[in-house]
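Atom set for the values below is all heavy atoms of this structure, side chains included, hydrogens, waters and symmetry mates excluded. Reminder, nothing fancy here: chain letters follow the sequence lines and each chain counts from 1.
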Protein chains: 2
Amino acid sequence: MGRRSDHSREEIQAMAITAAAKLVEAEGFQSLTARKVAKAIGYTVGTLYHVFRNFDDLVIHLNARTIDEMAALIQQQIRKKRNPEVRIRVMAEFYVQYATDHPDRWRLVFEHQAPRGLPTPELMKERRDVMFELVAENLRELAPDRIPHEVAHTATALWSGIHGICILALTGKLYLGGAFSMVKLIETLVDSVLNEFRHR
Amino acid sequence: MGRRSDHSREEIQAMAITAAAKLVEAEGFQSLTARKVAKAIGYTVGTLYHVFRNFDDLVIHLNARTIDEMAALIQQQIRKKRNPEVRIRVMAEFYVQYATDHPDRWRLVFEHQAPRGLPTPELMKERRDVMFELVAENLRELAPDRIPHEVAHTATALWSGIHGICILALTGKLYLGGAFSMVKLIETLVDSVLNEFRHR
DNA sequence: GGTATAAATTGAACGCCGTTTAATTAAGCG
DNA sequence: CGCTTAATTAAACGGCGTTCAATTTATACC
């Protein structure tokens, strides 16, 4: 066969990313392969390599979409709230929610890594700090006279901590059960860091 | 060739784990393969499968050793300290130290996962909570009259948070530089959680 | 409208992976 | 020394990411 032009480059890209997302959710990110994605969209691997530089490039595009989806969901939720502290708590709540609802897509964002030595792709750089900046924005509103550096520092510490709880819980490395829950752990962390932020 | 009996089963296991550790440190955990390990110890893959159930089994043994090494290092450090708060801070400091010194071995512990559906191997179950329990011990000493559940909860929140900072920093997903450092982030988290723990 | 050009798509190949298995080799024993 | 048993190997399998020559088709031009 040859040139079909049923779909443009961009369409094939989008189809591939969508198919990859579904495969990851259905079978886990560890068993995502280029051949499966190609088959799912009715093309062969070759076409995939015509549209993505390599398999990592496909994964990076999928991860970018995952981050965009998650950020959109979270921003939609905090738009309903006026109080910056409440907003931060809602952000944490829905971060956990998204991670729990799409564990494999979420883990792929953090556990994928391009081959050693290569620089972080632009697509990821743009999205790396989106959550941190969202937290920092609201911390700033919570205490407008704090110096920016301090705000950014606290935002980083808080959000990294929340992320840690998510990762360990989702990978089964956290004892949960009984009165133990992710939600309560996150609450403790948010309470602690916010109190510390206020009182000094 | 055939039966050489140069080494016992246990010796070959230990040699393989050591070789795997070196390969991981030298080339990254992503490119660890059974054939490389076999070659490094002067055997073929077949022998490796005679001694481990499969490749995941080898990785699990390596991870167990990594956790043991790290825990030993940390316990050795806190033995020098009497104050439980100081001990917790030293634990955090050396956790970061180990992760930074052996990034690929450390990441392998947390990013490896046995094929979907299989239960957590005993080898890992025994080691999963070692750090949490170490923290809880010292929290308990810090506030002997708190109920055990509360202590365990705080220990989990604190250590997950520290872990989150480590993971994000080591995978290049954290803005560091200038006055930003892992050590300072960790300090903030420890301060926050310990203060919260004391004041309520 | 036929034809040359350029682009999309394929299928087959490459070297590597984890894993399995039959065949070989050597050690231990009577 | 021959037999048994177990360790070790080499080869094979299917699947992986990746590359590329060959093929097919859409498009631009005369």
[atom1] of [X] versus [atom2] of [N]: gap in Å, rounded?
X: Tyr49(A); N: dA21(D); atom1: OH; atom2: P; result: 17 Å
X: Arg9(B); N: dA27(C); atom1: CZ; atom2: P; result: 19 Å
X: Gln13(A); N: dT9(C); atom1: CD; atom2: P; result: 13 Å
X: Asp6(B); N: dA6(D); atom1: CG; atom2: P; result: 19 Å
X: Lys39(B); N: dG18(C); atom1: NZ; atom2: P; result: 14 Å
X: Asp57(A); N: dT19(D); atom1: CG; atom2: P; result: 12 Å
X: Tyr43(A); N: dT18(D); atom1: OH; atom2: C1'; result: 20 Å
X: Leu58(B); N: dG18(C); atom1: CG; atom2: C1'; result: 12 Å

Does Trp106(B) have its ring centroid less than 6.0 Å away from the ring centroid of Phe29(B)?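 No.
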Centres of the Tyr43(B) and His50(B) rings: under 6.0 Å?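 No, they do not, as the ring centres are separated by 6.0 Å or more.
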Candidates dT8(D), dT19(C), dC17(C) - which lies nearest the side chain of Lys36(B):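 Given the options dT8(D), dT19(C), dC17(C), the side chain of Lys36(B) is closest to dC17(C).
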Heavy atoms only, 4.0 Å cut-off, all strands: where does [X] land among base, sugar-phosphate and nothing?
X: Arg35(B); value: base
X: Leu48(B); value: nothing
X: Phe55(A); value: sugar-phosphate

Please check the phosphate of dT9(D) (OP1 and OP2 only) for any side-chain N or O of Thr47(B) closer than 4.0 Å.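 Looking at the OP1 and OP2 atoms of dT9(D), one of them is under 4.0 Å from a side-chain N or O of Thr47(B).
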OP1 or OP2 of dA8(C) versus the side-chain N and O atoms of His50(A): is any pair under 4.0 Å?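 For His50(A), the contact criterion (side-chain N or O under 4.0 Å from OP1 or OP2 of dA8(C)) is met.
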Establish, from distance only, whether the side-chain atoms of His153(B) and Thr188(A) form a donor-acceptor pair under 3.5 Å.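 Per modelled atom types, His153(B) and Thr188(A) side chains form a pair under 3.5 Å.
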Describe, in one word, how the ring planes of Tyr95(B) and His163(B) are oriented to each other, choosing from parallel (under 30°), tilted (30 to 60°) and perpendicular (over 60°).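 Judged by the thresholds at 30° and 60°, the geometry between Tyr95(B) and His163(B) is tilted.
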Could you tell me how the ring of His61(B) sits relative to the ring of Phe52(B): parallel (under 30°), tilted (30 to 60°) or perpendicular (over 60°)?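 Ring orientation of His61(B) relative to Phe52(B): perpendicular.
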Assuming nearest nucleotide by heavy-atom distance, tell me which of Arg53(A) and Thr33(A) is located more 5' along DNA chain D.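 Looking at DNA chain D, the more 5' nearest nucleotide goes with Thr33(A).
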